[in-house]
Structure formats: C-alpha cells, structure tokens
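All remarks here apply to the structure that follows.
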Amino acid sequence: MDLRYLDSMSCHNQKVNSVSNPIMEPLRPGDLISDPAGGNSSSKAKPTLLPGHAHSSVPAELDPPQVCSVASLNSERNGGSGNCDAPTGKFLLGDHEVFQQIGAQLKLLPMNDQIRELQTIIRDKTASRGDFMFSADRLIRLVVEEGLNQLPYKECMVTTPTGYKYEGVKFEKGNCGVSIMRSGEAMEQGLRDCCRSIRIGKILIQSDEETQRAKVYYAKFPPDIYRRKVLLMYPILSTGNTVIEAVKVLIEHGVQPSVIILLSLFSTPHGAKSIIQEFPEITILTTEVHPVAPTHFGQKYFGTD
C-alpha cells in the first residue's frame, strides 16, 4: 500500500533501511517504510511519482523482502545543533500498521529546503518570537494554499481587457473554516488572506484536569455549516484527541467527515493514526510526520511561554 499525494504535489524518495534493522529515520514526505517483520509482499512496491514536478532519483523497483509499502513521507535526518525539538539520531518506528491504516487520507506538502528551514526555525528553542511567528505564518500560508486546492472548483469563462475569452476556474460556493482554539486561531489570518469573505467558526476544547480527557467548552459555527465543506485548523497533532472531539462536534451539527479537511503543520504518527481510525473519510494535510511534535507552538506564537 502507498500513501498517495495530490496530483499537484511532488515528493522526495529515499532508499529504505535493511529489514534486519528495524530502526528508521524520522519520517517526512517521500520515505519508504520497511517491514519490521520482514514481510513477504506478493508484489513489488513502487514509488508514486507525480507528474509535473522534479523528483529525486528513485529505484524503479524494490525487492519484496525489503519493503511492504511505499509511504509518501520524506525522511531527512534532523542533524541540528541540539536546539531543535526533534531527536538527531534514529528512532524506533514501532507499530508499522500506522501507515497501513492512514492510507491516502494523509497528504503532505512536497518537501523542499524552504519548508525545511521554516520547520527548523519553529523547532529551534533559541529562535526569537519574531522569527518564530514569521516562519510560522509562512508555513501556515503554504498549508492553507494547498488546503484550498482540495476544495471543488468549477469551470468559468471571463473576458480579458483585450476582449479575449479565457476559460478558467473558480471556487464553488459553500466553504468555511473552523479553528480549534487557541492554537488553531494562529491559522485564521492565513485563511483570510486567501479567502477574504470566508466564514470561520470556533471550537474551544481543553483537557479535563481530573480525567485528562478532551472536553468541549465552546462551539460556534455558521448556521448552515452542514451544507459546507470545512477547513478544520489545528497546527499541532500530538495525540489527536482534541481533533477527534472537534470532529464529533461538527458531526453533531450535520457535517460529514468526508467534507472535512484538517489543516495542520506538524503531526505525530500516533496522532494521524488515531484520527483516521476514528474517521476514515477525513483528509489530513500537514508538512511533517514525526514522533516529536513542537507542542510549544501555541504558547510561543501567542507569547505566553
């Protein structure tokens, strides 16, 4: 099985580790995931290359004993100076079924040096708040732009100033945003910069002090949200519990999971897996899947760290 991307997305691919070594690099767009049990796949897994974009060198075929699936997650060693949130060495992937169960619902932005630098600054504990916010806003904008690319368009024709008839496309009506307070509010401006008149709802979810379970304290949506496609905004997916509760609230208001697109900056494998297991039809769009998420994001962005 492979994690498939949008046709507009490119990805980088690298060779997988030997099956005798279950230790893997941090997962990012383009990685190949080895079978920790030395699985015997009946067919050879092949990387999915997307048209219209440059790709790194990829082996045409992989022997069945070496790989059981091709996940569109790029792997690069986070070899920083110790200021980044991510470990610099290798880590144990653990439950390999994470990527077997996520499937095509998980979509990642194509990795490049620009995105990598933004991720590094956000994770760097020595970064100033100004640099942090600037980098976060840029990364948010990239995620929002790709999220909008998931929404339906329809063909239209316009007349240019020279009188030429041009066949183009435009958004179909019926979209809205929903931010999960508080960190999700950091993504609202990026959405408004792209869609000036879009309606944005809010959900406040906090962990109960006694049970540590996510609890909904506030929810306010457009009255016709059940007829809209929803861009759900939450920058950090750690356990996935907060998002799961938010989606349950949206379902109570008549929204189907199939029309929800979750916009996130960083996700852990466990967080993405938990959400997809609970709602298999939801779409998750993020820039990175890594076992350590920058959970300080909300506090540093709003200056309460």
Side-chain angles (χ1 to χ4, degrees), residues 3 5 9-15 17 23-33 53-56 71-93 99 106-147 182-187 189-190 193 233-239 262-272 284-305:
L3 297 183
Y5 282 72
M9 290 185 176
S10 62
C11 62
H12 297 278
N13 296 273
Q14 297 178 348
K15 295 182 180 180
N17 295 331
I23 306 302
M24 297 183 67
E25 298 286 348
L27 296 169
R28 305 177 59 84
D31 236 5
L32 306 178
I33 301 177
H53 296 275
H55 294 271
S56 58
S72 297
L73 300 173
N74 184 7
S75 174
E76 282 190 43
R77 181 169 300 172
N78 194 351
S81 60
N83 294 329
C84 293
D85 207 4
T88 58
K90 298 181 179 180
F91 70 93
L92 183 62
L93 177 63
F99 296 98
L106 177 64
K107 304 177 186 294
L108 289 92
L109 266 66
M111 180 53 58
N112 54 47
D113 289 339
Q114 177 183 210
I115 292 179
R116 183 66 166 160
E117 181 190 28
L118 297 177
Q119 293 172 341
T120 302
I121 294 173
I122 291 172
R123 288 184 177 275
D124 189 352
K125 69 178 181 181
T126 66
S128 66
R129 181 167 176 257
D131 289 343
F132 178 92
M133 292 183 63
F134 181 78
S135 299
D137 288 340
R138 287 185 60 197
L139 194 59
I140 289 169
R141 179 65 178 264
L142 293 174
V143 172
V144 168
E145 292 281 9
E146 191 54 57
R182 173 180 65 162
S183 60
E185 292 178 304
M187 305 180 72
Q189 188 58 50
D193 288 342
M233 296 174 285
Y234 196 59
I236 310 298
L237 303 181
S238 183
T239 64
L262 174 59
L263 305 183
S264 176
L265 303 184
F266 301 90
S267 175
T268 64
H270 173 73
I284 300 177
L285 178 62
T286 187
T287 72
E288 181 183 48
V289 175
H290 192 283
V292 180
T295 53
H296 65 287
F297 181 91
Q299 291 181 332
K300 191 160 188 175
Y301 190 93
F302 293 105
T304 57
D305 53 343

pair Thr268-Ile236: side-chain heavy atoms closer than 4.5 Å: no
Asp124 vs Asp131 side-chain heavy atoms within contact, under 4.5 Å: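 Side-chain contact under 4.5 Å: no.
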Looking at [X] and [Y], would you say the former's side chain and the latter's main chain have a donor-acceptor pair under 3.5 Å?
| X | Y | value |
| --- | --- | --- |
| Ser264 | Pro235 | yes |
| Lys107 | Glu146 | no |
| His296 | Arg123 | no |
| Thr286 | Leu265 | yes |

Partners meeting salt bridge (Lys or Arg N to Asp or Glu O under 4.0 Å) with Arg138 (sequence neighbours left out):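 Scan of Arg138 (salt bridge (Lys or Arg N to Asp or Glu O under 4.0 Å), adjacent residues dropped) gives none.
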Please report the closest heavy-atom contact between [X] and [Y], naming both atoms and the distance.
| X | Y | answer |
| --- | --- | --- |
| Met187 | Val143 | CE-CG1, 4.5 Å |
| Ile122 | Ala136 | CD1-CA, 3.8 Å |
| Val144 | Gly190 | CG1-O, 3.8 Å |
| Gly147 | Leu263 | CA-CD2, 3.8 Å |
| Phe302 | Ala186 | CZ-N, 3.9 Å |
| Gly298 | Ser183 | CA-CB, 4.1 Å |

Could you tell me the separation between the [atom1] atom of [X] and the [atom2] atom of [Y], rounded to the nearest 0.5 Å?
| X | Y | atom1 | atom2 | result |
| --- | --- | --- | --- | --- |
| Arg129 | Gln299 | CZ | CD | 12.0 Å |
| Glu185 | Met233 | CD | CE | 9.0 Å |
| Asp193 | Gln189 | CG | CD | 4.5 Å |

Residues that Tyr301 engages under ring-ring contact (aromatic ring centres under 6.0 Å, His included), provided they are two or more places apart: Phe297
Side chain to side chain contact (heavy atoms under 4.5 Å, CB included), paired with Phe266, selected from Leu139, Leu237, Thr295: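 Exactly one pass, corresponding to Leu139.
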Whether over 12 other heavy atoms sit under 6.0 Å from Phe134 CZ: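 Atom CZ in Phe134 is not crowded, with 12 or fewer foreign heavy atoms closer than 6.0 Å.
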Verdict with supporting geometry, Leu142 and Thr287, side-chain contact (heavy atoms from CB on, under 4.5 Å): CA-CA 9 Å; Leu142 293 174; Thr287 72; over 6 Å; no
